[in-house]
Amino acid sequence: MTIAPAVPAAPRRRQTLGELKELQKLAFSAIRRQLTPSNSMQRTWIDGRPAAKVVAEFIKPNERLTSLERIELYNKQYWFRLLDCLYDDYPGLRAILGETKFRRLRIAYLDQYPSKSFTMRNLGSRLVEFIEANPHYLALRIDMCMDMARFEWAQIVAFDGLMLPPLVPDDLLGRDPEKLTLALQPYVTLLEMGYPLDEFVLALKKKSLRAEASNAMEMEEQSSSRKRTVRLPRPQKIFLGVHRWNNSLYYKRLEPGAFVLLNALRDGQTVAGACAAAVESAGEQDVDWAGHIHGWFQTFTELRWLCKPQS
Amino acid sequence: MPANRFNAFTDLGIGIGLRVPHYRHILDNKPTCDWFEVISENYMCDGGRPLEVLDEILEQYKVVQHGVSMYFGSADKLNREHLKRLKNLVKRTKTPFLSDHLCWGSVDGTYSHDLLPMPYTFAAAKLTAQHVREARDFLEVPICVENVSSYAEYHVSEMTEWEFLSEVVERADCGMLLDVNNIYVSSRNHSFDPYDYLRGVPLERVGQMHIAGHSKYEKYILDTHDHPVLDPVWKMYEHVIERIGPVNTLLEWDAHIPSFDEVHNEALKANQFVARVLKNGNGLRNRQRERHEALTV
């Protein structure tokens, strides 16, 4: 590489704040444009002009790279970084869909829902919404993919979501269940799924720590050579609580009645109302409901899932 | 080491970035390390394992926060939610000062998650300095801004990068996190002399330095943080500490991360240059002279 003397900047007049904003918008629109299938920058601009001509209007070339080639480095980096983040956060969805379909889904999703958060932790926060509206990206396994997307987002929430002071027995002493309301910890997600995806994910990979943010450049998107090695599950209705214990991620299978009870509590029903909803949903009378409900509350309290409602 | 108002008069020594693959080793073995730099955004969450690890680290080590998404140079207003979360973390870590980058990276609330190069204009410098001041006033800790590596330049620029950095830090009256690897990478990508850069910035404002490795390609250099520090970067590091004396120094290693010991040993190579400078007395003499000049102006 040869070093040429620096070319002094010679602007005609000083940039205004409005022009700065417009320049950043223009540059970002170039950086955010989808890459071609061969991971290059698109050669045609949004309005049909050559992209090289548009980019050359605001980016300087140097003796080795054109303006387009220089901005292309950022264009690639933008997509590789965000695609990699979803690749890491959704290993189950990747395993169901396969590499090609999963990549197509990620690109379409990020195109419609670019990051609105300072942290990439939230990058997948609207993925369920997106695939509900665009099921054609999922091919034949729509229900399973929907369940998996909800399940994997629940894991992100459980990993580092807020924990409020857990309920202790004293909080319940002398309280009238007809008036008492309780809440679920914000980091706990309740899921009703049509497939035993907890077993499927455990078989794929047990992930305990998220990768961290770094802005160092990466030259390649993550490997797409990983093959699915775990058989897809057969349909089976399950109820799951996705949570953490001692800061490790867990999935707890729930009885249908317990699932109804917890959902009712989360919806703001009183303890008595939630218990009645659980009994009613089962439709069985010859059951020791008092014992069942006592056991559930004991478990939920031990797991620290319950807390006081926030005003 | 030059403790100054830009780094809250700290004399931390040689540290490394706290990274996930090293958590277990650090928590189990409690190895000696002068200090750790933590990526703020990794701990700006509401709970869970990240904060548990951080709290354990804080019991044993000095920690300084380093951010990657404040985007002082974005034309957008600063994100208040981000600032609030950052302030909560500042209270938790008791970081003596913090740093983030001299770059932009968001437009109308959409984030690139990249450190995009600034157009070097007076309007951009003024806005960036205003954002640094706003953040510092809110967070109530000194802020050092870090020069980024870059791969593109704008026609509209009105000055060099080092003039822009100087303009921003003087206007904001803040410190610099001088990344000599970034300067080297940009100097090769934009064909300037990195020592012009070092001569052109107010080194007395350096509160911290970064060193790191990079990767060379046929037509450009990338700031990959996946190698040991290269010789030209060590020479620049030595040049700076000869001028100002040893300063809080941190090695960044973010990809293909080797063992804790390997990363730490690479960082500790900085001590060779520190020892040489102290032996020659250059840094001390220069600092004393600069202090004398400051007093007599």
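Note that the structure is predicted; figures quoted are calculated from it, not measured. Just so it is clear: chains get the letters A, B, ... in the order the sequence lines come, proteins before strands, and each one is counted from 1.
Nearest heavy-atom pair across B:H113 and A:R81 is O-NH1, 2.8 Å. Pairing each heavy atom of B:Y111 with each of A:Y78, the nearest pair is O-CE1, 4.1 Å. In terms of heavy atoms, A:R64 sits closest to B:N189 at NH2-O, 3.4 Å. A pairwise comparison of heavy atoms in B:E52 and A:N246 identifies OE1-O, 4.4 Å as the closest pair.
When B:T110, B:L51, B:N79 are compared by the number of non-hydrogen pairs under 4.5 Å with chain A, B:T110 comes out ahead. If you tally non-hydrogen atom pairs under 4.5 Å between each of A:I31, A:I71, A:L23 and chain B, the highest count goes to A:L23. When each of A:K116, A:E57, A:K25 is checked for heavy-atom pairs under 4.5 Å with chain B, A:K116 comes out on top. Contact count versus chain B (heavy atoms, under 4.5 Å) is highest, among A:N62, A:I59, A:L20, for A:I59. Annotation: maximal heavy-atom pairing with chain A below 4.5 Å, among B:G17, B:P117, B:S215, occurs at B:P117. Ranked by heavy-atom pairs under 4.5 Å with chain A, the first of B:G109, B:S112, B:A212, B:G48 is B:G48.
Distance alone, capped at 3.5 Å, places no donor-acceptor pair between the A:Q24 side chain and the B:W104 backbone. With hydrogens and angles ignored, the 3.5 Å screen pairs a side-chain donor or acceptor of A:Y74 with a backbone N or O of B:Y151. No donor-acceptor distance shorter than 3.5 angstrom exists from the side chain of B:E41 to the backbone of A:F118, with no hydrogens or angles considered.
To the nearest 0.5 angstrom, A:R121 atom CZ is 12.5 Å from B:M44 atom CE. Taken to the nearest 0.5 Å, the CZ atom of A:F28 stands 7.5 Å off from the CG atom of B:L116.
Proximity to chain B (any heavy atom under 4.5 Å) is restricted, for A:S117, to the backbone atoms N, CA, C and O. Contact annotation for B:D108: both backbone and side-chain heavy atoms come within less than 4.5 Å of a heavy atom of chain A. If you measure heavy-atom distances from B:F122 to chain A, the contacts under 4.5 Å come from the side chain alone. Proximity to chain B involves both the backbone and the side chain of A:L17, based on heavy atoms less than 4.5 angstrom apart. A:A56 touches chain B through its backbone: at least one of N, CA, C or O sits under 4.5 Å from a heavy atom, while the side chain does not.
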- Task: For the pair A:K60 and B:H190, evaluate side-chain contact (heavy atoms from CB on, under 4.5 Å) and give the outcome as yes or no after the intermediate values.
- Result: CA-CA 10 Å; A:K60 284 184 191 175; B:H190 307 315; over 6 Å; no
- Could you go through the side chain to side chain donor-acceptor pair (under 3.5 Å) check for A:Q77 and B:D114 one step at a time? CA-CA 8 Å; A:Q77 184 60 22; B:D114 201 350; 5.5 Å; no
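Side-chain contact between B:S191 and A:E63 is present, with heavy atoms from C-beta onward closer than 4.5 Å.
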